[in-house]
Protein chains: 2
Amino acid sequence: MNADDVKVDLIAFVVAVNDSEPCVLTIGQADTLPSGPFALEHRSLQSGLRGWVEQQTGHRLGYIEQLYTFADRDRIGAERQQRVISISYLALTRKEQAAGPPKCGWQSWYEYFPWEDHRSGTPPVVLDVLRPRLIEWANGVRDAATRRERWQRATIAFGFDDRLWNEELTLQRYELVYEAGLVQEAVRGRDGAPPPLVPSKSMVADHRRIVATGIARLRSKIKYRPVVFELMPTVFTLLQLQRTVEALAGRLIHKPNFRRLIEQQELVEETGEATTETGGRPAKLFRFRHAVLDDRLIAGTKLPLARG
Amino acid sequence: MNADDVKVDLIAFVVAVNDSEPCVLTIGQADTLPSGPFALEHRSLQSGLRGWVEQQTGHRLGYIEQLYTFADRDRIGAERQQRVISISYLALTRKEQAAGPPKCGWQSWYEYFPWEDHRSGTPPVVLDVLRPRLIEWANGVRDAATRRERWQRATIAFGFDDRLWNEELTLQRYELVYEAGLVQEAVRGRDGAPPPLVPSKSMVADHRRIVATGIARLRSKIKYRPVVFELMPTVFTLLQLQRTVEALAGRLIHKPNFRRLIEQQELVEETGEATTETGGRPAKLFRFRHAVLDDRLIAGTKLPLARG
DNA sequence: CCAGCATATACTTGCTGTGAGTATAAGGGA
DNA sequence: TCCCTTATACTCACAGCAAGTATATGCTGG
């Protein structure tokens, strides 16, 4: 037995979209991602992850993709010196499914990241709370160069000063609010009076950071791979598809352009049916053309995201 | 002590470009990547990796980025049941530096992947060797659907039948030649007569797969992040920069467009000097504008890759 | 039954990016 | 001096796409 042996934890960021709301699967007090140790009986990392998620939440995972592996220095075994390594995954699924154990449930992303939802314009928290707090933080150092650098990072990440909002910078934004001490987990265990935080739901350990990483990955990926369909029911209207993409991206899409792009790429085919449940003129129903999955390895799937 | 404890290995794919040749840093018989176990004395995964590479090759790493984490089922400790997990990294550096231990050295990528270099047009091995072998492989199954699917994968990955070559599909191509049993490591330990292989240098264990993963990542990344400059000397001409990108991408770039893109993005600035070493009209010397590193988080860095 | 509304679907316009070609400048060597 | 090589500058044309506009079709409330 070697002292260098480590424990390996598998952590899942499981995503579903329902009613235009992007959700994350949590356990505990809605502050913990499903996770568990990688054990001998697991055939692979992925099957280990599937096992833990199924056991803790009752959900069977479909699409899975690795996010990041990190060694957490704070989580060394108490009784003896031992490292813990966490391998995080992004999983896409549909919400329906069986009801799992009572303590698991779906939470909107934007409970944890209220500054990330720009579908109704820039949310108030960005300009009213984050901007002044980040200015304070930037000015909180003596060194003029560091001040400039901090403010430049904030400007770029949050699109201050007439810069455009870039929805893919979710992780950079989280890192900024963390460094600035504006989220609960950043000031955990610190002495003194708790500083004013940005109102948002927190998570245990570094789980919120994993979620931020996953959101950034997903927002980037929907633009060049047809992964959205992992989140859709088998049959859907084009507007439902658009609303799902908008929920993930946190911003609105120009409808005619969206339709044109989806159709010209032959990502979907009509079922022949239509639904009147949407109100207004009945919408044609579509299904995903699984045949394109191979092809799209090359071409990519572009989704039009409106600027401004 | 828990039976589920695992060993963690850190593996580095270290890249440098010299004289328009993209190189990988190897040890042993030019068939092994620098690597070593993650140990208690390492402050982090990255510092552990740096330590091993420096010790085995004498090279200090600069830019590092995580590639992938996998649990290798074949590499279970002999004496007792124990898992091994490998965390692979991509590192970019410059070749010069100190001379390390004798058994380390730089090898061209294309020794291991002769089908990946399309700078002088499609290499002969693609049409003369790979295409017929992959046809054999596709036809080697009874099921017609599987036959079609195999051949479609090959067609897409290698650009057969007038499809365009996509340089980013390096990993898919390696997976195909592996599945088809055309590389040495795919038929290692198999009984019977060794089948005809595609001429190429092999590596131990799954190291060649890690290299393929790294090449794919790098070829993708140079298009939206200014990572090329990690591979350049502090001062360089625009043509040298172009040749470096071409070496990585394995294909040629339209010179005027390349210059336009580099300059309009303000990635570089003139030093004021010029060099005549290139022959012909003296070329202006440039240096990288480190200031753009933050900005380019947003804008991305596009590099024009000529088709055909 | 009709007006108004909400959604679906189709067409048009104008800009930008970029792939590709051509032309000119400047040095070295035979 | 001619020619070769490389550097640098300019132009053109097409495709993609953001954005705006217009029409079709069903539902609902008065």
Side-chain angles (χ1 to χ4, degrees), chain A residues 19-20 118 164-167 222-224 235-246 249 251-286 298-308, chain B residues 19-20 164-167 222-224 235-246 249 251-286 296 298-308:
Chain A
D19 292 330
S20 304
H118 286 231
L164 337 130
W165 173 260
N166 183 338
E167 73 279 357
I222 49 173
K223 290 178 190 161
Y224 60 95
V235 162
F236 48 85
T237 72
L238 288 185
L239 187 58
Q240 285 167 352
L241 182 63
Q242 180 180 344
R243 293 282 176 254
T244 302
V245 174
E246 289 174 339
R251 63 192 314 176
L252 297 181
I253 295 175
H254 188 80
K255 194 198 278 191
N257 290 346
F258 181 80
R259 300 175 61 89
R260 173 169 41 105
L261 223 54
I262 297 295
E263 289 181 334
Q264 89 186 9
Q265 289 179 116
E266 298 180 307
L267 289 172
V268 297
E269 61 190 4
E270 300 186 14
T271 65
E273 314 266 298
T275 177
T276 62
E277 292 175 9
T278 51
R281 172 175 169 177
K284 284 183 194 164
L285 288 171
F286 293 83
I298 293 195
T301 304
K302 305 212 171 161
L303 295 175
L305 290 174
R307 24 180 168 186
Chain B
D19 293 328
S20 304
L164 336 129
W165 173 259
N166 182 340
E167 74 279 358
I222 49 174
K223 289 178 190 161
Y224 61 95
V235 161
F236 48 85
T237 72
L238 288 186
L239 187 58
Q240 286 166 352
L241 182 63
Q242 179 180 344
R243 293 281 176 255
T244 302
V245 174
E246 289 174 338
R251 63 192 314 176
L252 297 180
I253 295 175
H254 188 78
K255 196 200 278 193
N257 291 346
F258 181 79
R259 300 175 60 90
R260 180 182 50 189
L261 224 53
I262 297 296
E263 288 182 334
Q264 91 185 9
Q265 289 179 117
E266 297 179 306
L267 289 172
V268 298
E269 60 191 5
E270 300 186 14
T271 66
E273 314 266 298
T275 178
T276 62
E277 291 175 9
T278 50
R281 173 175 169 177
K284 284 183 193 164
L285 288 170
F286 293 82
R296 284 307 171 276
I298 293 194
T301 304
K302 306 212 171 162
L303 295 175
L305 291 172
R307 19 180 172 190

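Bear in mind the structure is a predicted one, so any value in this text is a computation, not a measurement. Quick note: numbers below take in every heavy atom, side chains included, and nothing from hydrogens, waters or symmetry partners.
Atom-to-atom, CZ of B:Arg281 to C1' of D:dT6 comes out at 9 Å; the value is rounded to the nearest Å. The interatomic distance linking A:Leu285 (CG) with C:dA8 (C1') rounds to 12 Å, in whole Å. If you take CD1 of B:Ile262 and P of C:dT18, they are 12 Å apart, rounded to a whole angstrom. The distance from atom CD of B:Gln240 to atom P of D:dT8 is 11 Å, rounded to the nearest whole Å. Here the C1' atom of nucleotide D:dT23 and the CZ atom of A:Arg259 are 13 Å apart, to the nearest Å. In this structure, NZ of B:Lys223 is placed 10 Å from P of C:dG19, rounded to the nearest angstrom. A straight line from CD1 of B:Ile253 to C1' of C:dA20 spans 15 Å, rounded to a whole angstrom. B:Phe236 places its CZ atom 14 Å from the P atom of D:dA7, with the value rounded to the nearest Å.
Nearest heavy atom pair, residue B:Arg251 against residue B:Trp165, reads NH1-O, 3.1 Å.
Counting any heavy atom pair closer than 4.0 Å across all strands shown, B:Leu239 reaches sugar-phosphate atoms only and no base atom. Within the 4.0 angstrom heavy-atom criterion, only backbone atoms of the sugar-phosphate kind lie near B:Lys284; the bases stay farther away.
For a distance-only test at 3.5 Å, the side chain of B:Arg260 fails to qualify as a donor-acceptor partner of the base of C:dG17. With hydrogens and angles ignored, no donor-acceptor pair closer than 3.5 Å exists between the side chain of A:His254 and the base of D:dA18.
Of the candidates B:Arg260, B:Lys255, B:Arg259, B:Asn257 forms a side chain to side chain contact (heavy atoms under 4.5 Å, CB included) with just one, namely B:Arg260.
With hydrogens and angles disregarded, a donor-acceptor distance shorter than 3.5 Å links the side chain of A:Gln265 to the backbone of A:Leu261. The main-chain N or O of B:Ile253 is found under 3.5 Å from a side-chain atom of B:Gln242 such that the two form a donor-acceptor pair. No donor-acceptor pair closer than 3.5 Å links the side chain of A:Glu246 to the backbone N or O of A:Ser20.
Of the two residues near DNA chain D, B:Leu238 and B:Gly280, the one whose nearest nucleotide lies more 5' is B:Gly280.
Side chain of A:Lys255, nearest nucleotide from C:dT22, C:dA10, C:dT9: C:dT9. Checking D:dC27, C:dA8, D:dG20 against every side-chain atom of A:Thr276, the shortest atom distance belongs to D:dC27. Distance from the side chain of A:Asn257 is smallest to D:dA19 among D:dC10, C:dA8, D:dA19.
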